[in-house]
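The analysis underlying the following values was restricted to heavy atoms, covering all of them including side chains, and did not include hydrogens, waters or symmetry mates.
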Amino acid sequence: MIRYLIKNNFKIMMRSGVNILLYIVCPVLVSAVLISAFSSLMENYKPDEEFMAKYGAIESNFEDQANDNQANFADQTNEDQSEDSDQTNGMINSFNIAAINIEHPYFVPAIDSTDYYGIIEVVYFGWCAIVCISGLLSSEKKNRINDKLYVSNLSVTQIYLARLIPLSITCALGVSIAAVIGMVFMGVHWGNLLLSAIVVILMIFAASAFEMMLYEITNSMLVTIIVSFAIVWIWGFFGGSFETYMFSPHSMTLKNIDPIYHGNRALVELSCMGHSDYVLRSVIYSLIMIVVCSLVAVFAGNVRRRKGA
């Protein structure tokens, strides 16, 4: 029964061509605009092959200090004064101008606007997954399908999964097509494709679980869309969806509690370096969100079913 419901929901969402096109066209258009606007700002930085750091000391400063020291300790014995004078002269003679040559310093490779925004905007629209299922949920509520499902032999968990799975697959399919278009026509480089795909897909499942939780709590598609879009916009603001996280002045505390930041940084570093310590963090963050939000959604559904009974 649940497999039939998953298949049926998936077909209904796929028939809504406008929703699917939003996840294909919008990321591509927004990425193209941002790439054009910030291309000069995000140009690759090429450091010099080597640079020189110098430091020096002016002897007059040390002579003045020596005179002050002699005035302050005038009551000391001549022997002590002689020793202090010898030490001061030693200090003056020991400070010579020196140079340090440093070749090939380590630095994190820069990423250009094409790769950055071609990746970031795909992720951002993936976090707006609720749009894909809005038509289905509105239709179910209008035709009182929920009441029929609740009196069936399906559990709340099965009903929830029958919505979450096709929602995540449909959204992932749309943003995947957008990512391919970006790679082919704009030259977006995703780096390690396997790890990038895992990060993006898990983030889409996390976004779907989070927004389905909001729907189960509010039982209103309009409220769910408004609240989820507001939260996702805030996460995107601190996570680098609009301003590159490398240049943003926001504190690391805000960034570290932001799920979008972890995914964005993991994908950007995979693109420019081929590896990232944030891949594991993003995966763990997404898995925690999927589990916690799913538990809350099922709990809210059970409460509503008992009230309906």
Side-chain angles (χ1 to χ4, degrees), residues 3 6-7 9-11 13-14 16 19-28 30-31 115-134 136 160-184 188-215 228 231-232 235-236 239-241 258-271 274-295 297:
R3 286 183 295 179
I6 291 174
K7 182 179 179 180
N9 288 341
F10 180 73
K11 287 182 178 179
M13 281 186 280
M14 290 299 293
S16 181
N19 288 346
I20 305 301
L21 285 175
L22 286 176
Y23 287 92
I24 299 174
V25 176
C26 289
V28 174
V30 174
S31 298
D115 290 340
Y116 186 87
Y117 289 109
I119 293 171
I120 296 302
E121 297 310 317
V122 168
V123 172
Y124 181 77
F125 279 92
W127 274 91
C128 302
I130 192 66
V131 174
C132 281
I133 202 173
S134 59
L136 172 64
Y160 170 77
L161 292 176
R163 294 167 175 170
L164 176 68
I165 294 174
L167 167 60
S168 301
I169 293 175
T170 303
C171 182
L173 181 61
V175 297
S176 296
I177 296 174
V180 172
I181 293 175
M183 293 170 62
V184 174
V188 178
H189 176 248
W190 283 78
N192 190 316
L193 290 178
L194 177 60
L195 291 180
S196 297
I198 292 173
V199 171
V200 173
I201 290 174
L202 285 178
M203 290 179 74
I204 290 174
F205 268 88
S208 301
F210 171 72
E211 288 160 353
M212 285 300 302
M213 177 193 70
L214 293 178
Y215 178 76
S228 64
I231 294 174
V232 169
W235 285 346
S241 298
D258 189 337
I260 293 183
Y261 170 76
H262 290 274
N264 285 348
R265 182 159 181 175
L267 295 170
V268 168
E269 290 183 355
L270 285 174
S271 175
H275 62 87
S276 174
D277 295 335
Y278 280 79
V279 171
L280 181 59
R281 300 184 190 185
S282 177
V283 169
I284 293 175
Y285 213 130
S286 296
L287 291 175
I288 291 174
M289 286 192 66
I290 293 170
V291 173
V292 173
C293 293
S294 296
L295 291 175

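Interatomic distance, CG of L270 versus CG of L194, reported as 10.0 Å (0.5 Å rounding). From S241, atom OG reaches atom CH2 of W127 across 10.5 Å, with rounding to the nearest 0.5 Å. Taking OH from Y160 and CE from M213, the interatomic distance works out to 8.5 Å, rounded to the nearest 0.5 Å. In this structure, I24 CD1 and I177 CD1 are separated by 4.0 Å, a value rounded to the nearest 0.5 Å. Note that CE of M13 and CG of L136 are 6.0 Å apart. Values are rounded to the nearest 0.5 Å. The OH atom of Y23 sits 10.0 Å away from atom OG1 of T170, with the distance rounded to the nearest 0.5 Å.
Shown here for V232 and I260, the closest heavy-atom pair between the two residues is O-CD1, 3.9 Å. Here the closest non-hydrogen pair linking G126 and C171 is O-SG, 3.7 Å. Annotation for L164 and S208: closest pair CD1-CB, 3.5 Å, computed over non-hydrogen atoms. Nearest heavy-atom pair, A172 versus I204, reported as atom, atom and distance to 0.1 Å: CA-CD1, 3.6 Å. The shortest non-hydrogen separation linking D277 to E269 is N-OE1, 4.1 Å. Heavy-atom minimum distance, S228 versus E211: CB-CG, 3.7 Å.
Checking side-chain atoms of S282 against main-chain N and O of V199 turns up no donor-acceptor pair under 3.5 Å. A donor-acceptor contact shorter than 3.5 Å links the side chain of N9 to the backbone of A162. With hydrogens and angles disregarded, a donor-acceptor distance shorter than 3.5 Å links the side chain of S196 to the backbone of W190. In this structure, the side chain of S271 does not engage the main chain of L267 through any donor-acceptor pair within 3.5 Å. N264 places a side-chain N or O within donor-acceptor distance of the main-chain N or O of G239, the cut-off being under 3.5 Å.
In this structure the side chain of Y278 reaches within 4.5 angstrom of the side chain of Y261, judged on heavy atoms. Considering only heavy atoms from C-beta on, M203 comes within 4.5 Å of V123 through its side chain. Side-chain contact check for F205 versus S286: every heavy-atom pair is 4.5 Å or farther apart. Between M289 and P259, some side-chain heavy-atom pair lies under the 4.5 Å cut-off. A 4.5 Å side-chain heavy-atom check between M14 and L173 finds at least one atom pair inside the cut-off. Side chains of L161 and I6 form no contact here, defined as non-hydrogen atoms less than 4.5 Å apart. Using a 4.5 Å cut-off on side-chain heavy atoms (C-beta onward), M183 and L193 make contact. Taking 4.5 Å as the limit, every side-chain heavy atom of Y124 sits out of range of all side-chain heavy atoms of P27.
Counted by atom type alone, S31 and E121 present zero donor-acceptor pairs between their side chains at under 3.5 Å. The closest side-chain donor-acceptor pair between R281 and Y285, if any, does not fall under 3.5 angstrom.
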Can L287 and V291 be said to form a side-chain contact (heavy atoms from CB on, under 4.5 Å), step by step? CA-CA 6 Å; L287 291 175; V291 173; 5.5 Å; no

